[in-house]
Structures are given as structure tokens and as C-alpha cells.
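Naming convention: chains lettered A, B, ... in sequence-line order (proteins, then strands); numbering from 1 in each chain. Since we're looking at a predicted model, the values are computed, not measured.
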Amino acid sequence: QKEVEQDPGPLSVPEGAIVSLNCTYSNSAFQYFMWYRQYSRKGPELLMYTYSSGNKEDGRFTAQVDKSSKYISLFIRDSQPSDSATYLCAMGPGGSNYKLTFGKGTLLTVNP
Amino acid sequence: DAGVTQSPTHLIKTRGQQVTLRCSPKSGHDTVSWYQQALGQGPQFIFQYYEEEERQRGNFPDRFSGHQFPNYSSELNVNALLLGDSALYLCASSLRADTQYFGPGTRLTVL
């Protein structure tokens with residue numbers, strides 16, 4: 001079993017839709033969680049990070065973490081064509097372990 | 001404020017050759033991590049440098065080595081290149097080790 005599982009999609013939605021992206025993980029040591037957006041042939045761009053279970057909101061984006069279920073989500077409200085990209089979840093143990101473990105990424109297309 | 005920069009953008013090498021990739025961290029950051037991203041995959045951690053020393057290493061062979069300079073910039077060296085080393089190589093910088101900011105990457109093609 002991979003440490004981090006992420007459905008690669010692809011996911012296609014109409015403009016204005018609410019998008020839900022998800023990852024599950026198996027390593028209980030993971031303490032902090034991130035979402036990155038990666039446009040084609042570019043480096044990943046940090047969108048959200050959180051340390052605790054619960055929700056964190058930033059504009060149209062909401063990150064949700066459920067440590068008891070080992071499940072994290074990213075919600076995008078009022079999706080725009082410019083949101084079309086690959087979304088990567090990443091997580092790490094923290095403390096003296098600095099390695100980030102990534103999911104494979106979900107390819108999202110928002111159609112005008 | 002300049003973000004993370006990497007050079008070169010693209011590189012083509014042949015099997016057996018050696019390659020050096022370069023990274024300058026975001027202003028104020030002192031830690032540099034390197035990742036390898038194969039096509040259709042998430043980035044895989046290679047190693048992290050802090051205070052000019054390798055602080056942590058992922059599951060990569062010794063052919064992959066690095067260096068960090070006093071100005072916090074870093075190099076990734078790969079010896080005896082294999083076809084499977086073809087990938088996007090990403091550098092990430094941070095002040096705290098958890099919030100890592102990525103550069104645009106160097107696309108390496110091994111023929």
C-alpha cells in the first residue's frame with residue numbers, strides 16, 4: 001500500500017462548479033498537510049497548508065483534514081478555467097523529519 | 001521578492017554522462033530540498049540541505065549527490081546517468097522545513 005493515495009482523475013467540471021479533491025494516507029506519523037497546484041510543465045505552487053484536523057479556508061479554497069480517518073480534501077468554490085491544473089496533496093511528519101510525501105496528483109479541467 | 005530559481009530550464013544528456021543542476025532559494029530561506037518528478041507522478045524526495053550539510057536523504061542511490069553553498073544556493077549532481085533519470089528535477093526552499101516553496105524545475109532528458 002502506498003503511503004499517500006490520490007485519484008489521478010482526470011476530473012472535468014463546468015465553470016462555477018464546486019470541486020472536491022481528496023487524498024488518503026496510511027502513515028499515522030504525518031502531522032502536516034499541504035496542497036499544491038501545478039500547471040503543465042511548471043513547478044508546484046503552494047496553495048494551502050495545515051497542521052490540525054478541521055477546516056482551513058483561504059478565498060475560494062478550503063482544506064479539510066480528518067486525522068482519525070487519514071483523509072484530506074481540498075474544495076474549490078466557483079471554479080474558474082484558470083484553476084485547470086494538476087493538484088498535488090503532500091504531507092510530512094514534522095519534527096526532525098523534513099521529507100514531504102506526495103500523491104500522484106489529480107488533473108482538473110474547468111470548462112468555460 | 002525573487003522566488004526559487006533553477007538553472008538550466010532544460011537539459012539533454014546521454015547515458016553515462018554526469019549532470020549538475022543549480023538552485024537559488026527564496027530570499028530569507030536557508031534550507032533547500034531536491035525532488036524528482038517523473039511524468040504523471042508526484043515529486044519524490046531526494047535529499048535536503050541545511051547549513052551546508054545533507055540533513056535527510058530519500059531512497060536514491062549514491063549517484064545522486066548535492067552541495068549547499070554559504071549563500072544557501074545548492075547544486076544537485078547526478079553521475080552515470082540512466083534513461084530512468086529522465087524527469088523534472090525540482091528544488092524547494094524553506095525557512096521552516098515544513099512549508100516548502102518550489103522552483104520551476106529543470107527538465108532532464110537522458111538519451
Side-chain angles (χ1 to χ4, degrees), chain A residues 2-11 21-25 27 29-52 56 58 63 65 72 74 85-108, chain B residues 2-7 9-10 21 23-26 29-51 53-60 66 68 86-109:
Chain A
K2 285 191 149 237
E3 280 191 293
V4 179
E5 299 277 3
Q6 184 176 10
D7 186 343
L11 185 60
L21 304 165
N22 311 295
C23 289
T24 59
Y25 63 96
N27 189 344
F30 290 144
Q31 295 298 320
Y32 63 92
F33 306 88
M34 301 176 188
W35 285 95
Y36 287 87
R37 177 174 62 194
Q38 187 173 27
Y39 292 112
S40 181
R41 307 182 80 81
K42 303 289 185 184
E45 170 193 2
L46 181 64
L47 285 176
M48 304 278 288
Y49 70 91
T50 182
Y51 295 88
S52 56
K56 181 177 181 180
D58 184 2
V65 174
I72 70 171
L74 177 71
T86 295
Y87 289 80
L88 296 156
C89 63
M91 46 199 81
S96 60
N97 188 333
Y98 311 102
K99 169 187 170 184
L100 284 182
T101 300
F102 283 81
K104 289 181 68 170
T106 300
L107 178 60
L108 171 67
Chain B
V4 180
T5 60
Q6 292 187 243
S7 63
T9 305
H10 296 93
L21 311 181
C23 171
S24 290
K26 189 177 167 69
H29 285 183
D30 58 5
T31 302
V32 172
S33 303
W34 287 93
Y35 291 80
Q36 179 195 67
Q37 186 177 24
L39 199 61
Q41 303 294 318
Q44 298 288 315
F45 178 78
I46 302 174
F47 42 52
Q48 185 180 81
Y49 277 83
Y50 172 71
E51 292 188 341
E53 291 193 358
E54 184 182 290
R55 179 157 70 172
Q56 189 173 1
R57 188 179 184 92
N59 294 325
F60 279 80
Q68 185 179 33
S86 295
L88 181 68
Y89 287 85
L90 295 162
C91 168
S93 77
S94 57
L95 180 57
R96 294 179 305 167
D98 46 6
T99 46
Q100 297 181 24
Y101 296 85
F102 284 84
T106 293
R107 187 162 298 279
L108 172 65
T109 301

(message) Using heavy-atom distances under 4.5 Å, tell me whether A:Lys99 contacts chain B through its side chain, its backbone, both, or neither.
(response) both
(request) Name the region of A:Gln6, side chain, backbone, both or neither, that has any atom closer than 4.5 Å to a heavy atom of chain B. (result) neither
(message) I need the minimum non-hydrogen distance between B:Gly42 and A:Leu88, along with the two atoms involved.
(response) CA-CD2, 4.1 Å
(message) To check you understand the geometry: which heavy-atom pair defines the closest contact between A:Lys42 and B:Leu88, and what is its length?
(response) O-CD2, 4.1 Å
Heavy-atom contact with chain A under 4.5 Å, split by part of [X]:
{"X": "B:Gln44", "value": "neither"}
{"X": "B:Gln41", "value": "both"}
{"X": "B:Arg57", "value": "neither"}

(request) Report yes if the side chains of A:Tyr36 and B:Gln100 come closer than 4.5 Å at any heavy-atom pair, otherwise no. (result) yes
(request) With the side chain counted from C-beta on, respond yes when B:Tyr35 and A:Leu100 share a heavy-atom pair under 4.5 Å apart, and no when they do not. (result) yes
(request) May I ask you to name which of B:Cys91, B:Gly105, B:Ala92, B:Pro104 has the most heavy-atom pairs under 4.5 Å with chain A? (result) B:Pro104
(message) Under a 4.5 Å cutoff for heavy-atom pairs, which residue among B:Gln56, B:Gln6, B:Gln37 has the most contacts with chain A?
(response) B:Gln56
(message) As an exercise: rank A:Gly43, A:Gly105, A:Cys89 by heavy-atom pairs under 4.5 Å with chain B and give me the winner.
(response) A:Gly43
(request) Tell me, please, which residues at least two apart from A:Asp7 pass side-chain hydrogen bond (donor to acceptor under 3.5 Å, both in side chains). (result) none
(message) Holding to salt bridge (Lys or Arg N to Asp or Glu O under 4.0 Å), I want the full list of residues that pass it with A:Glu45, two or more places apart in sequence or in another chain.
(response) A:Arg37
